[in-house]
There are 2 protein chains.
Amino acid sequence: MATQLEPAVPREGTGRKKLLAAALDLFAERGVSGTSLQMIADALGVTKAAVYYHYKTKDDIVLAVVSPAIEELAAIAGEAERKRSRTAQVETVLVGIVDLIVRNRSLYAVLQGDLTAIHILREHGAFPELSNRILALIVGPDPDPGTIVAASILLSGLHEAGFGPRVAGIGDEELRGHMLDCARRLLRHRRPSAATA
Amino acid sequence: MATQLEPAVPREGTGRKKLLAAALDLFAERGVSGTSLQMIADALGVTKAAVYYHYKTKDDIVLAVVSPAIEELAAIAGEAERKRSRTAQVETVLVGIVDLIVRNRSLYAVLQGDLTAIHILREHGAFPELSNRILALIVGPDPDPGTIVAASILLSGLHEAGFGPRVAGIGDEELRGHMLDCARRLLRHRRPSAATA
DNA sequence: GTCTATACATGGATAGAC
DNA sequence: GTCTATCCATGTATAGAC
């Protein structure tokens, strides 16, 4: 189920968990390729070799950081695909993604925003068509261009809206509500779509 | 680092322009820090040193690539700030930005999406508060959180919506229309019920 | 003016001491 | 398990040949 309260990447803990938390902070601030293993080591007060003890490569760290979110996304997509009504599909995706973003604000920004991260995910076969699956769930079959544009703005806009300093002062519950509100406003197109077919 | 103005008259022509075009393509695809000078040189069929002949540093290339867009953004902000009605201010910003994005689809993605690029801009004093100026123009004075969220989604969503493969098949004029449509839908908020806060 | 050659730093990664 | 020392590739940048 998509409704759990813990962030995907724990902020406390020992060994790997602290490493992942530090890496996430740096990734979110500097980008993946703007973050060196040295920086991660420094943030933890250890040496590069200590980092390599936990993960064999930098790519592994990136994957470890983002894969919880990817798995959750996949679960959301799967859950939505099992719904039969279009309305329920869209709603499941929206609520699931917004929830995921709000629960761990910076993680999703890395996932969606960083081209290096996206390349790494592609190379390792993670989320190949997941992104398209989610878009398809939102726009439905035979979407008109206006819907595609709206969904694109929505999907890429949500991530920054969850992370940027602009919304830092807004509480989780309220942010969640506003995001869903925006999503519904964007997707409620007043075009009957009868014209095309 | 003296403020030596470069040979301001790019008389010999297409050298730099081709370089900037190649750099932009790579930045848009791999990100700034994922792009090496070697890649740029290879794309042009020259050597790294030839690239250094045109620009002294990599940062200079980044600045040269994005500064036309920044200047346009600044002009848009300035024009909007001179309008007296709020409606005209918002409209000027929206139309200006959407226009800029559509005219130049990948450039804006680099500008907004790449953390390395943003760091470079900050370090060189370019667009310090430009981003905040534009947000302020859109949300107006004393914005409620819902408006801030909507504007954040909009501003960060537009760039990917202008560049991503999803919209690649949509013509400029149509894309422009849909983007403006989305923007207006997002910003036309009904006030949240007073009970909540 | 353009490239060759190269300096110099950093980054990723490994072997092995403790 | 964690760190020291180190290797090697790459990246930025420069000096100087042509």
Side-chain angles (χ1 to χ4, degrees), chain A residues 13-27 29-66 110 114-124, chain B residues 1-27 29-66 110 114-117 119-121 123-124:
Chain A
T14 42
R16 325 203 141 197
K17 295 190 174 179
K18 278 203 317 203
L19 195 163
L20 293 183
L24 174 55
D25 284 346
L26 287 163
F27 291 163
E29 190 201 341
R30 318 263 331 173
V32 169
S33 64
T35 301
S36 70
L37 296 178
Q38 188 66 62
M39 293 177 196
I40 297 175
D42 288 349
L44 294 167
V46 301
T47 63
K48 268 198 295 184
V51 173
Y52 273 102
Y53 166 69
H54 291 293
Y55 292 96
K56 276 190 89 64
T57 77
K58 188 184 181 184
D59 282 15
D60 284 348
I61 298 178
V62 175
L63 290 172
V65 166
V66 300
V110 174
D114 191 309
L115 290 170
T116 313
I118 290 171
H119 269 88
I120 291 174
L121 291 177
R122 288 231 185 90
E123 264 162 34
H124 289 76
Chain B
M1 223 140 306
T3 341
Q4 174 166 7
L5 293 185
E6 57 182 4
V9 191
R11 199 30 255 148
E12 257 314 300
T14 79
R16 315 203 149 198
K17 292 191 173 179
K18 280 205 314 206
L19 196 163
L20 292 183
L24 175 54
D25 284 347
L26 287 162
F27 290 164
E29 191 201 340
R30 319 263 330 173
V32 170
S33 63
T35 301
S36 69
L37 296 179
Q38 187 66 63
M39 294 178 196
I40 296 174
D42 289 348
L44 294 167
V46 300
T47 63
K48 273 194 292 183
V51 173
Y52 274 102
Y53 166 69
H54 291 294
Y55 291 96
K56 278 191 89 63
T57 76
K58 188 184 180 184
D59 282 15
D60 283 349
I61 299 177
V62 175
L63 290 172
V65 166
V66 302
V110 174
D114 192 308
L115 290 171
T116 312
H119 270 89
I120 292 174
L121 292 177
E123 264 160 35
H124 289 76

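Throughout, a chain's letter reflects where its sequence line sits, starting with A, and its residues are numbered from 1.
- With rounding to the nearest 0.5 Å, the separation of OG1 in B:Thr57 from CG in B:Leu37 is 8.5 Å.
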(Q) The test is side-chain contact (heavy atoms from CB on, under 4.5 Å); show your working for A:Val32 and A:Val65 and say whether it passes. (A) CA-CA 11 Å; A:Val32 169; A:Val65 166; over 6 Å; no

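- Looking at every heavy atom in both residues, B:Thr35 comes nearest to B:Gly31 through OG1-O, 2.7 Å.
- Heavy-atom minimum distance, B:Ser33 versus A:Gly34: OG-N, 3.9 Å.
- Between the side chain of B:Lys48 and the backbone N or O of B:Ser36 there is no donor-acceptor pair closer than 3.5 Å.
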Q: Map every base of DNA chain D to its dot-bracket character, where paired means a Watson-Crick or G-U wobble contact with both distances under 3.5 Å and | marks a partner outside the strand.
A: ||||||||||||||||||

Q) What's the verdict on side-chain contact (heavy atoms from CB on, under 4.5 Å) for B:Glu123 and B:Asp59, showing C-alpha distance, side-chain angles and the deciding distance? A) CA-CA 10 Å; B:Glu123 264 160 35; B:Asp59 282 15; 4.2 Å; yes

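- On the nucleic acid side, DNA chain D contacts chain A at distances under 4.0 Å to non-hydrogen atoms, with the end points of that region at D:dG1 to D:dT4.
- When B:His54, B:Met39, B:Lys18 are each tested for a side-chain contact (heavy atoms from CB on, under 4.5 Å) with B:Leu44, only one passes: B:Lys18.
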Q: Evaluate the side-chain contact (heavy atoms from CB on, under 4.5 Å) criterion for residues B:Leu19 and B:Tyr55: first the C-alpha distance (whole Å), next the side-chain angles of each, then the deciding distance (0.1 Å), finally the verdict.
A: CA-CA 10 Å; B:Leu19 196 163; B:Tyr55 291 96; 4.2 Å; yes

Check nucleotides 9-14 of chain C against the protein and report each pair of N or O atoms closer than 3.5 Å, with its distance, or say if there are none.
from	atom 1	to	atom 2	distance (Å)
C:dG12	OP1	A:Lys58	NZ	3.0
C:dG12	OP2	A:Leu37	N	2.8
C:dG12	N7	A:Lys48	NZ	2.9
C:dG12	O6	A:Lys48	NZ	3.2
C:dA13	OP2	A:Tyr52	OH	3.1
C:dA13	OP2	A:Lys58	N	2.9
C:dA13	O5'	A:Tyr52	OH	3.4

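- Scanning all heavy atoms of the two residues, the minimum distance from A:Thr116 to A:Asp114 falls at N-OD1, 2.7 Å.
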(Q) Applying side-chain contact (heavy atoms from CB on, under 4.5 Å) to A:Ile120 and A:Val66, what does each step give before you reach the verdict? (A) CA-CA 11 Å; A:Ile120 291 174; A:Val66 300; over 6 Å; no

